[in-house]
Every structure is written in structure tokens, then in C-alpha cells.
Novice: 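Take this structure first; my questions come after.
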Amino acid sequence: QVQLAESGGGLVQAGGSLRLSCAASGLTFNGYTMGWFRQAPGKERDFVAAISSTGSRTSYTDSVKGRFSISRDSGKNTMYLQMNALKPEDTAVYYCAASLYYGLSSQRSDYMYWGQGSQVTVSS
């Protein structure tokens with residue numbers, strides 16, 4: 001049974017930092033592209049970042065470029081999202097997801113496994 005478990009969310013002031021983790025089990029972690037998505041209240045779930053199965057390639061949505069960094073540790077079957085210079089508009093539930101799609105897809109439909117989400121709240 002595949003499980004993705006996010007952790008590390010919380011409340012932070014604008015300009016602060018958080019690091020999200022996504023622990024994966026029940027799948028061959030190195031075989032999957034991994035991604036982060038976020039969903040703000042009343043909005044759709046949007047792409048944030050993705051990392052290739054080997055970790056050699058990454059992709060980000062424009063609004064987080066230069067502030068967020070995605071990484072993965074194959075030895076721990078864990079993916080991370082380092083979030084710096086946080087803004088109130090980054091407030092959302094953050095979801096990790098796993099995909100067998102070769103490219104760094106930003107499409108929700110290309111991801112087959114999802115975590116339960118972790119709340120990130122940025123106060124102004």
C-alpha cells in the first residue's frame with residue numbers, strides 16, 4: 001500500500017521559512033517523479049514544484065522561483081520543500097504527489113499517488 005505523509009507545516013510570519021517533508025512508503029521511491037502542489041481556500045490545487053526520479057532535474061511555478069527549493073533523499077525515501085521568504089499568498093494546504101510520468105509534469109492528472117496535505121499559514 002502506497003503512502004505519502006507530509007509534515008513540517010505550521011504558522012509562520014511573512015519573510016520566514018519552513019521546510020516540508022514527504023515520507024514515501026510502499027513504492028520504489030527512485031522510480032517516481034515527485035511533486036508538490038498547494039490548495040488555498042476556495043481555489044484549485046495548483047502545481048508548486050517537481051523533481052525527477054534521480055533528483056537531477058527540477059521545475060517550479062513562477063511565483064516560487066528563487067524562494068522555494070525542492071529536493072529528495074533516496075536513502076530516506078523522503079522529498080523536501082524548503083520555503084524561504086514566505087508571503088501571505090503562500091498560505092495553503094500543501095500536498096506531495098508521486099508520478100510515473102517521465103517529464104516534470106505540472107498537471108494533477110499525471111500524479112497517481114497523493115498525501116493528505118499539510119497546512120502552511122503565513123501571517124502578515
Side-chain angles (χ1 to χ4, degrees):
Q1 181 180 359
V2 175
Q3 289 190 329
L4 301 177
E6 301 95 339
S7 61
L11 173 64
V12 64
Q13 288 187 332
S17 299
L18 283 174
R19 188 177 81 156
L20 300 180
S21 299
C22 172
S25 60
L27 53 70
T28 304
F29 186 67
N30 287 348
Y32 286 79
T33 291
M34 300 295 295
W36 288 100
F37 290 74
R38 64 186 180 186
Q39 187 167 17
K43 296 189 176 181
E44 292 189 347
R45 191 173 299 187
D46 292 330
F47 171 76
V48 176
I51 187 166
S52 63
S53 58
T54 62
S56 61
R57 294 176 294 125
T58 59
S59 176
Y60 299 90
T61 192
D62 285 347
S63 63
V64 308
K65 285 180 180 177
R67 300 189 298 123
F68 290 11
S69 178
I70 189 172
S71 61
R72 62 193 295 163
D73 185 335
S74 60
K76 296 181 179 180
N77 281 9
T78 301
M79 173 181 65
Y80 303 98
L81 185 68
Q82 177 66 45
M83 305 184 292
N84 299 325
L86 282 160
K87 305 175 181 180
E89 51 264 44
D90 294 318
T91 294
V93 177
Y94 283 71
Y95 297 88
C96 66
S99 171
L100 284 173
Y101 188 74
Y102 178 74
L104 297 176
S105 176
S106 62
Q107 302 301 310
R108 295 194 306 269
S109 58
D110 287 330
Y111 290 81
M112 62 184 65
Y113 300 115
W114 293 84
Q116 292 300 307
S118 181
Q119 177 70 48
V120 171
T121 303
V122 184
S123 63
S124 58

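Computed from a prediction, not measured in an experiment: that's the story for all the values here.
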Novice: Counting C-beta onward and ignoring hydrogens, is there a side-chain heavy-atom pair between Arg38 and Val120 closer than 4.5 Å?
Specialist: no
Novice: What's the shortest heavy-atom distance between Ala40 and Ala92, and which atoms?
Specialist: N-CB, 3.8 Å
Novice: Hey, quick one: are Met79 and Leu27 part of the same hydrophobic cluster, counting side-chain heavy atoms closer than 4.5 Å, chains of contacts allowed?
Specialist: yes
Novice: Indicate the atoms forming the closest heavy-atom contact of Phe29 with Ala24, along with that distance.
Specialist: CD1-CB, 3.7 Å
Novice: Are any of the side-chain heavy atoms of Met34 and Leu4 separated by less than 4.5 Å?
Specialist: yes
Novice: Are Phe37 and Tyr32 co-members of a hydrophobic cluster defined by side-chain heavy atoms under 4.5 Å apart?
Specialist: no
Novice: I need the full list of side chain to side chain donor-acceptor pair (under 3.5 Å) pairs touching residues 111-124, with sequence neighbours left out, sorted by first then second residue.
Specialist: Gln119-Thr121
Novice: Looking at residues at least two apart in the chain, or sitting in another chain, which of them share a side chain to side chain donor-acceptor pair (under 3.5 Å) with Ser106?
Specialist: none
Novice: Examine Arg45 relative to Tyr95 and say whether NZ or CZ is less than 6.0 Å from the centre of the six-membered ring and inside a 45° cone about the ring axis.
Specialist: yes
Novice: Examine Leu81 and Val93 and state if one hydrophobic cluster contains both, with Ile, Leu, Val, Met, Phe, Trp and Tyr joined whenever side-chain heavy atoms are less than 4.5 Å apart.
Specialist: no
Novice: Gln82: what forms a side chain to side chain contact (heavy atoms under 4.5 Å, CB included) with it, not counting sequence neighbours?
Specialist: Ser17, Arg19, Ser69, Asn84
Novice: For Arg57 and Ser52, indicate whether the former's side chain and the latter's backbone hold a donor-acceptor pair under 3.5 Å.
Specialist: no
Novice: Please report the closest heavy-atom contact between Ser105 and Tyr101, naming both atoms and the distance.
Specialist: CB-CD2, 3.6 Å
Novice: Show the nearest heavy-atom pair for residues Ile51 and Leu104, with the distance to one decimal.
Specialist: C-CD2, 3.6 Å
Novice: Could you see if Tyr94 belongs to whatever hydrophobic cluster contains Phe47? Use Ile, Leu, Val, Met, Phe, Trp, Tyr and a side-chain cutoff under 4.5 Å.
Specialist: no
Novice: What about Leu11 and Phe68, same hydrophobic cluster or not, with Ile/Leu/Val/Met/Phe/Trp/Tyr joined at side-chain heavy-atom distances under 4.5 Å?
Specialist: no
Novice: If we only count heavy atoms from C-beta on, is the Glu6 to Leu20 side-chain gap below 4.5 Å?
Specialist: no
Novice: Looking at every non-hydrogen atom in both residues, tell me the closest pair between Ser74 and Asn30 and how far apart they are.
Specialist: CB-OD1, 3.0 Å
Novice: Side chains of Tyr60 and Arg67: closer than 4.5 Å at any heavy-atom pair?
Specialist: no
Novice: Quick one: do Lys65 and Asp62 satisfy salt bridge (charged side-chain N to carboxylate O under 4.0 Å, His left out)? Show the steps, please.
Specialist: CA-CA 5 Å; Lys65 285 180 180 177; Asp62 285 347; 3.0 Å; yes
Novice: Would you compute the distance between atom OG of Ser63 and atom CD of Glu89 and round it to the nearest 0.5 angstrom?
Specialist: 8.5 Å
Novice: Taking Thr78 for its side chain and Lys76 for its backbone only, find out whether a donor-acceptor pair lies under 3.5 Å.
Specialist: yes
Novice: Would the distance check show the side chain of Tyr80 and the main-chain N or O of Asp73 forming a donor-acceptor pair, the cut-off being under 3.5 Å?
Specialist: no
